[in-house]
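Encoded as structure tokens, the structure appears first; notes follow it.
Note on naming: letters A, B, ... go to the chains in the order of the sequence lines (proteins, then strands), and numbering restarts at 1 for each one.
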Amino acid sequence: MLDPDRLLAGLNEAQRQAVTTVDGPVLVLAGPGSGKTRVLTHRVAYIVGVVGVPAWHLMAVTFTNKAAKEMKERLGQLIGPAALDQLTIGTFHAICARLLRREAQALPFDDRFVIFDTDDQVKAVKQALADLNLDEKTYRPQSVLGAISTAKNELIRAEDYQAANYWHEVAGRVYRRYQAILRANNALDFDDLLLETALLLKEDEALAARYRARYGFLMVDEFQDTNTAQYAMLRSLAAAELADAPHNLCAVGDEDQSIYRWRGADYRNIMRLRKDFPGIRVILLEQNYRSSQTILDAARSVIDVNAHRTKKSLWSELGEGDKITVFEAYDEQEEAAYVVREIERRVGAGARYGDCAVMYRTNAQSRVLEDAFVRARIPYQLVGGTRFYERREVRDVLAYLRFVHNPRDEIALGRIINVPPRAIGPKALSALAARAKVAGLSAWEALCDLAAGSTPDALLPPAAQLDSRGRTALVRFQQLMEEAIVGRDLLPVDQLLDQVLDLSGYARWLKDGTEEGEERWENVQELRGLALEYHHLPPQEGLTAMLEGAALTADTDTLATGVADRVTLLTLHAAKGLEYPVVFMPGLEERVLPHSRSIDDPEALAEERRLFYVGITRAMRKLYLVHTFRRTLYGSSELADPSRFLKDLPAASLEQRSKSLGQVAGSRSAAGRSTTTTWAPSRPVSSTGRPSTSAPPAAGSAPQTRHGAGGPRPAAPALAAQFRGGDRVRHSHFGAGVVVSSLVKDGDEEVTVAFVGGAGVKKLMQRFAKLEKV
DNA sequence: AACTAGCATTTTTTT
DNA sequence: AATGCTAGTT
């Protein structure tokens with residue numbers, strides 16, 4: 001038993017309410033940094049340790065493995081390892097997978113089902129399209145998959161799929177075919193895990209009653225990220241329909257941090273919850289324990305633009321704090337250099353690398369940053385990026401294991417049958433497929449049949465006949481896999497992996513002596529290291545557990561916090577739930593944040609804003625918002641507009657760190673790159689449109705001009721007239737009297753201009769000409 | 001069957 | 001920019 005006073009000590013009133021209100025449903029609206037995880041863990045501890053409910057009655061659901069892990073760690077300290085072991089804590093997907101395996105006898109797949117990831121899904125859709133003779137250009141696998149996923153998230157089965165138009169009518173056909181392929185492969189995709197669980201609980205009342213009896217207390221983290229399927233599942237478990245049920249559901253969430261709309265999340269589930277559980281207690285957590293008031297003010301004025309939300313007023317006792325720095329760099333290289341410079345400066349002043357994080361919209365942005373960190377020898381850790389489990393060699397090896405585990409997995413088979421090259425080409429494969437079809441066998445069964453030689457070729461249609469070379473190659477493959485499958489029931493996973501690598505020749509093939517081969521082999525070794533963790537389990541179980549872990553684990557989960565003193569580089573999505581004293585957000589430009597794909601959809605745009613909000617609220621003490629003048633996107637470099645979100649920041653919270661025009665910027669390279677500036681609209685502008693004398697392209701100078709694209713040289717007065725208040729001008733100083741500037745007009749053209757004055761004009765112009773060639 | 005070059009396409013976020 | 005895909009070559 002826990003001492004309630006000690007448990008509740010240090011919690012504020014609202015938190016205390018959230019922890020101790022254990023009879024009936026509770027909705028906790030928790031602003032960023034308001035101690036949400038603390039509330040969740042203490043609530044569990046309270047229910048178990050103070051109320052005295054057996055731990056196995058509790059289920060705590062999270063979205064990420066990371067969150068689940070963190071909760072476990074914190075709970076271990078509160079309630080001890082014994083009680084912790086009895087709790088059900090995990091991600092939606094993991095909990096569903098476990099439930100479905102247990103209840104598989106009631107379902108159209110068996111408990112050895114595999115989980116198809118995105119790549120497998122694409123392959124299955126392509127297969128479905130091929131089966132239906134559909135063109136991949138008109139019905140792009142990604143799009144069709146998107147439609148299928150949306151349907152599944154809305155709990156719509158293939159047979160219930162309603163088509164709104166012809167394209168969707170076809171998509172529906174693909175959906176049905178795709179589902180048939182999954183069934184044949186004994187596979188479920190991510191969405192199936194949720195859909196099957198939700199529908200099972202909805203349709204099998206006896207089963208649902210069983211689970212309700214088992215899990216009397218439900219806790220859900222990040223509730224705003226639930227989709228329809230997840231919501232339905234929770235609704236069944238919490239017995240929304242049964243008036244006399246205890247409804248001990250505790251949902252914790254924040255609609256302002258809903259950033260997974262694209263995968264079906266619907267923050268309106270918060271409203272739904274209030275409707276479905278009329279007596280629900282709503283508790284607001286508004287005190288922030290993380291950030292300075294300046295940061296909170298900025299966050300608030302950004303998020304208040306979004307409509308349809310419960311406005312929260314975040315406040316903090318941590319004081320005003322530093323201003324937010326907004327900086328405009330020339331391009332992404334300079335942006336990265338700036339981040340590096342500031343980090344070095346802060347570290348020089350006593351900060352730790354580990355205090356700093358760089359948060360960006362897309363993983364693609366990490367490269368330039370990484371380069372800069374490497375060059376500056378700043379230790380960093382990258383979260384996400386090319387995910388470990390997505391590397392080709394890792395997927396190949398996993399495919400071998402998957403196939404050994406479940407020979408019906410034809411996606412895995414397709415992946416490995418000719419890797420390493422075994423002279424099994426398209427011809428042999430189509431013949432094999434034909435043989436399977438004729439005999440009504442799976443591909444693997446057809447292979448076995450072929451190896452046994454029980455069906456004479458003469459009896460088969462021509463498409464299914466094999467020449468001796470193809471036959472030999474296929475039979476050889478069948479034999480080696482047969483041998484590997486024998487090992488499945490005898491060897492622990494790590495040894496099974498060794499055996500498969502050896503038998504298949506994959507290890508030998510991969511180690512081809514090149515540097516790349518070496519790197520890939522290292523990844524395989526890392527996978528082997530993971531397999532070792534399942535060594536203690538009985539062979540079958542170990543293999544299942546390992547494959548499930550591989551399917552349901554993202555690299556974000558491997559984020560080592562506080563392990564080493566390193567700067568963390570991560571996407572805004574990955575940053576949710578984290579906090580750092582110093583946060584940099586680069587790429588605050590239109591088409592990056594908000595992302596180009598969200599710009600013309602108001603709902604998507606609102607989500608981009610929430611993403612920005614999430615980024616801001618990660619910062620404890622210092623926030624840097626960085627944008628560039630020019631950015632390379634999708635391979636082409638274009639002028640960038642500052643993100644519209646920057647306009648919503650309160651001026652009083654900001655500190656502009658771009659040099660004003662006329663100041664000499666430290667040019668650090670031959671290219672003369674330095675800072676950019678914004679002409680304040682308030683700057684006096686003469687009636688001709690020319691800036692007044694205080695403005696630089698100025699006084700007594702004889703402007704020499706040059707258009708970026710080699711266009712005509714406007715005459716000096718004409719050019720000067722092009723400068724207007726509000727124009728963004730970037731400039732560098734190369735020496736006495738010469739200012740090289742870049743000027744944007746109408747946001748679509750960068751004009752490079754040289755203003756020359758004073759002595760040594762000729763010499764300087766030569767130098768300028770040379771620079772222009774670079 | 002395996003390899004190559006040239007082509008096109010495509011780029012968000014994650015379980 | 002980087003990747004995947006197709007078609008053509010060895």
Side-chain angles (χ1 to χ4, degrees), chain A residues 61-68 90-97 115-123 126 136-137 140-143 146 149 152-153 188-195 197 222 225-227 229-230 257-265 332 359-368 383-387 389-390 392 417-429 467 469-470 472-473 548-557 570-576 587 591-599 601 604 607-608 610-612 614-615 631-637:
Chain A
V61 200
T62 64
F63 273 82
T64 64
N65 295 299
K66 193 176 70 191
T91 63
F92 270 102
H93 291 84
I95 287 177
C96 288
I115 299 164
F116 271 12
D117 64 21
T118 318
D119 197 68
D120 303 321
Q121 288 180 288
V122 170
K123 286 191 168 140
K126 284 184 178 171
E136 282 191 16
K137 293 219 165 73
R140 298 224 319 283
Q142 298 284 355
S143 315
S149 179
K152 285 184 175 178
N153 287 332
L188 299 184
D189 64 21
F190 287 129
D191 302 319
D192 281 338
L193 294 173
L194 307 175
L195 169 131
T197 306
E222 307 282 12
D225 285 336
T226 50
N227 62 33
Q230 287 159 332
Q257 294 184 69
S258 162
I259 52 176
Y260 288 106
R261 195 183 79 102
W262 49 275
R263 70 176 204 213
E332 49 274 321
M359 302 174 182
Y360 35 79
R361 176 66 234 265
T362 68
N363 276 311
Q365 291 171 253
S366 71
R367 263 186 78 154
V368 184
V383 182
T386 328
R387 284 170 275 282
Y389 286 113
E390 280 170 26
R392 198 191 320 151
I417 195 164
N418 201 31
V419 181
R422 297 192 176 90
I424 301 172
K427 223 171 100 193
L429 284 179
D467 59 17
R469 272 203 289 166
T472 316
E548 186 155 313
L552 295 179
T553 309
D555 266 5
T556 327
D557 306 326
L570 74 184
T571 64
L572 288 164
H573 282 88
K576 187 156 87 158
R591 298 169 67 210
V592 179
L593 183 73
H595 193 271
S596 53
R597 299 198 39 153
S598 303
I599 266 170
D601 172 359
E607 179 143 317
E608 298 284 320
R610 292 195 290 270
L611 214 39
F612 185 41
V614 166
R631 179 171 297 271
T632 305
L633 234 75
Y634 312 139
S636 74
S637 168

Query raised in the report: How close do A:N153 and A:R263 get, heavy atom to heavy atom, and via which atoms?
Result: ND2-O, 3.2 Å
Requested in this report: Starting at atom OH of A:Y360, determine the distance to atom P of B:dT13, rounded to an integer number of angstrom.
Outcome: 10 Å
Report task. Please identify each residue that fulfils salt bridge (charged side-chain N to carboxylate O under 4.0 Å, His left out) with A:R610, with sequence neighbours left out. Result -> A:E607
Query raised in the report: If you look at every strand shown and take non-hydrogen atoms under 4.0 Å, does A:R591 touch a base, only sugar-phosphate, or nothing?
Result: nothing
Query raised in the report: Between A:R597 and B:dT13, does any side-chain N or O lie under 4.0 Å from OP1 or OP2?
Result: no
Report task. Could you check how far CG of A:N227 sits from P of B:dT13, rounded to whole Å? Result -> 20 Å
Query raised in the report: What residues, two or more places apart in sequence or in another chain, satisfy salt bridge (charged side-chain N to carboxylate O under 4.0 Å, His left out) together with A:D225?
Result: A:K576
Query raised in the report: Over how many whole Å does the gap from A:I259 atom CD1 to B:dT14 atom C1' extend?
Result: 10 Å
Query raised in the report: B:dT13 phosphate, OP1 or OP2: any side-chain N/O from A:S598 under 4.0 angstrom?
Result: no
Report summary line: In whole angstroms, the gap separating P of B:dT14 from CG of A:L194 amounts to 17 Å
Report task. To the nearest Å, give me how far apart CG (A:D225) and C1' (B:dT13) are. Result -> 11 Å
Requested in this report: Look at all strands and tell whether A:T118 reaches a base, only sugar-phosphate, or nothing, counting heavy atoms closer than 4.0 Å.
Outcome: base
Protein N or O to nucleotides 1-4 of chain B N or O, pairs below 3.5 Å:
residue: B:dA1; atom: OP1; partner: A:G425; partner atom: N; Å: 2.8
residue: B:dA2; atom: OP1; partner: A:A423; partner atom: N; Å: 2.8
residue: B:dA2; atom: OP2; partner: A:N418; partner atom: ND2; Å: 3.1

Report task. Find the distance A:Q142:CD to B:dT9:C1' and express it as a whole number of Å. Result -> 12 Å
Query raised in the report: Looking for any heavy atom pair under 4.0 Å, which part of the strands does A:F63 touch: base, sugar-phosphate only, or nothing?
Result: sugar-phosphate
Show the distances under 3.5 angstrom between N or O atoms of the protein and N or O atoms of nucleotides 1-7 of chain C.
residue: C:dA2; atom: OP1; partner: A:R367; partner atom: NH1; Å: 2.3
residue: C:dA2; atom: OP1; partner: A:R367; partner atom: NH2; Å: 3.0
residue: C:dC5; atom: OP1; partner: A:K126; partner atom: NZ; Å: 2.6

Requested in this report: Under the salt bridge (charged side-chain N to carboxylate O under 4.0 Å, His left out) rule, collect the residues that match up with A:D119, sequence neighbours excluded.
Outcome: A:K123, A:R395, A:R415
Query raised in the report: Does B:dT13 have A:Y260 stacked on its base, where the ring centres are within less than 5.5 Å and the planes differ by under 30°?
Result: no
Requested in this report: Mind listing the closest non-hydrogen atom pair of A:A229 and A:K152 along with its distance?
Outcome: CB-O, 4.3 Å
Query raised in the report: What are the two closest heavy atoms between A:G470 and A:D467, and how far apart are they?
Result: N-OD1, 2.8 Å
Query raised in the report: With nearest nucleotides of DNA chain B determined for A:R140 and A:L611 from heavy-atom distances, which residue corresponds to the more 5′ nucleotide?
Result: A:R140
Query - Taking every non-hydrogen atom, the tightest pair across A:L552 and A:A97 - result: CD1-CB, 4.4 Å
**Report entry** For A:L193 against A:C96, the heavy-atom pair lying closest together
**Finding:** O-CB, 3.4 Å
Requested in this report: Please name all residues satisfying salt bridge (charged side-chain N to carboxylate O under 4.0 Å, His left out) with A:R591, sequence neighbours left out, ordered by chain then number.
Outcome: A:E638
